[in-house]
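Just below is one structure, and these are the notes that go with it.
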Amino acid sequence: MSEQQVQDYLVRIGGDRPTRPDLEALRTLQERHTLSVPFESIDYHLGHEIFMDERIVEKVVYQHRGGGCYEINTAFYLLLQALGFPVTLHQCRVWISGRFTAPYNHVMMTVRFPDTGQRWLVDVGFGKSSRYPARLGAAEPHLDPHGRFSTRRAGPDATDVFRNDLLQYRFDHRPAELPDFRQHLWWYRTHPASPFLQNMFCSLPTRDGRVTLQGNRLTVLEGGHQSTEILPDDEAVLDAYHRWFGITFDKPPTPGRFANNSRRMSFFQSDEGVTDLVPR
């Protein structure tokens, strides 16, 4: 990333350039990113290319968009790298319906600070990700505004990640590279079973809740109270995209040919086993 891209990225998420790449700075950057960059699948339905390289910066920073895990975790990884953080990519197998998916189904990061030797889990692209980094191997769970997160070793080269005692995914300790995910990205973009093609959604945490737009269905969770509204027309949908996510469209995006919003999507699990990103 260029210096100008770094500065523009920090403006995009409302953050300041850290004086040094330490834990306090990482916490601030992850919080600002989580609360600013939506988790969304819109481009999968518009037929746009999905990038896992520096081209994603154009979408996240200059188009004021978000994306799936491959996009927004890649973007955040590039920002952390540019700011001097000792960050490493990892591939994951997501736990769904009592089994793990194939390898490289999800991408996340760890940051290891040499002065303490501690490693921290960083993930801004898994539905209900933690707002702050979680320390790997901690004796007590990480209590976060988005839940209770914990990790457990699953062998010499793997760790399981839990949210509220529910298994989310298993990540491989060995470093991964962005090109390693190309084959699975192709599957996400083309296969009818892809959760991103089955469901078109845009979701963003707020300070005390979450807002999700799926088609013309707007769900707002604030202070423990959830309300759902069916937006009456295209103008209302466009206004919701702009108001809640800062996204401007000429016309409302529509689900692609594989979309089936009547189905449940179990890829991003909540306490009840189904994500709040899609209708129940």
Quick check on side chain to side chain donor-acceptor pair (under 3.5 Å): which of Arg170, Gln91, His184 does Asn105 satisfy it with? His184
Candidate list Leu136, Leu26, Thr88, test side chain to side chain contact (heavy atoms under 4.5 Å, CB included), partner Val111, passing option: Leu26
Would you check if there is a donor-acceptor pair between the side chains of Tyr9 and Gln5 at a distance under 3.5 Å? no
Using a strict 4.0 Å threshold on nitrogen-to-oxygen distance, state whether Arg207 and Glu222 make a salt bridge. no
Could you give all pairs that pass the salt bridge (Lys or Arg N to Asp or Glu O under 4.0 Å) test and reach residues 108-117, with sequence neighbours left out? none
Fit a plane to each ring of His33 and Phe76, take the angle between them on a 0 to 90° scale, and name the class: parallel (under 30°), tilted (30 to 60°) or perpendicular (over 60°). tilted
Below 30° counts as parallel, above 60° as perpendicular, anything between as tilted: where do the rings of Phe100 and Trp95 land? perpendicular
Asp16, CG atom: more than 12 neighbouring heavy atoms under 6.0 Å: no
Ring geometry between Tyr188 and Phe196 (parallel below 30°, tilted from 30 to 60°, perpendicular above 60°): perpendicular
If you measure only the distance, is there a donor-acceptor pair under 3.5 Å linking the side chains of Thr159 and His173? yes
Answer whether the closest heavy-atom distance between the side chains of Cys202 and Ile42 falls below 4.5 Å. yes
Counting N and O atoms only, with roles assigned by atom type, does the side chain of Asp157 sit under 3.5 Å from a partner on the main chain of Asp172, one being a donor and the other an acceptor? no
Between the side chains of Ser203 and Arg210, is a donor N or O closer than 3.5 angstrom to an acceptor N or O? yes
For Glu24, I'd like to know if atom CD has over 12 heavy atoms of other residues, nucleotides or ligands within 6.0 Å. no
Can you confirm whether the side chains of Asp123 and Tyr169 place a donor and an acceptor under 3.5 Å from each other? yes
Testing the 3.5 Å rule here: is there a donor-acceptor pair between the side chains of Thr254 and His45? no
If a pair satisfies salt bridge (Lys or Arg N to Asp or Glu O under 4.0 Å) and one of its residues is in residues 144-154, list it, with sequence neighbours excluded. Arg148-Asp165
Please name the residue in the list Gln30, Glu31, His146, Arg27 that meets the side chain to side chain donor-acceptor pair (under 3.5 Å) test with Tyr132. Glu31
Is the distance between the ring centroids of Tyr62 and His64 less than 6.0 Å? no
Taking the inter-plane angle between the rings of Trp187 and His191 on a 0 to 90° scale, is it parallel (under 30°), tilted (30 to 60°) or perpendicular (over 60°)? parallel
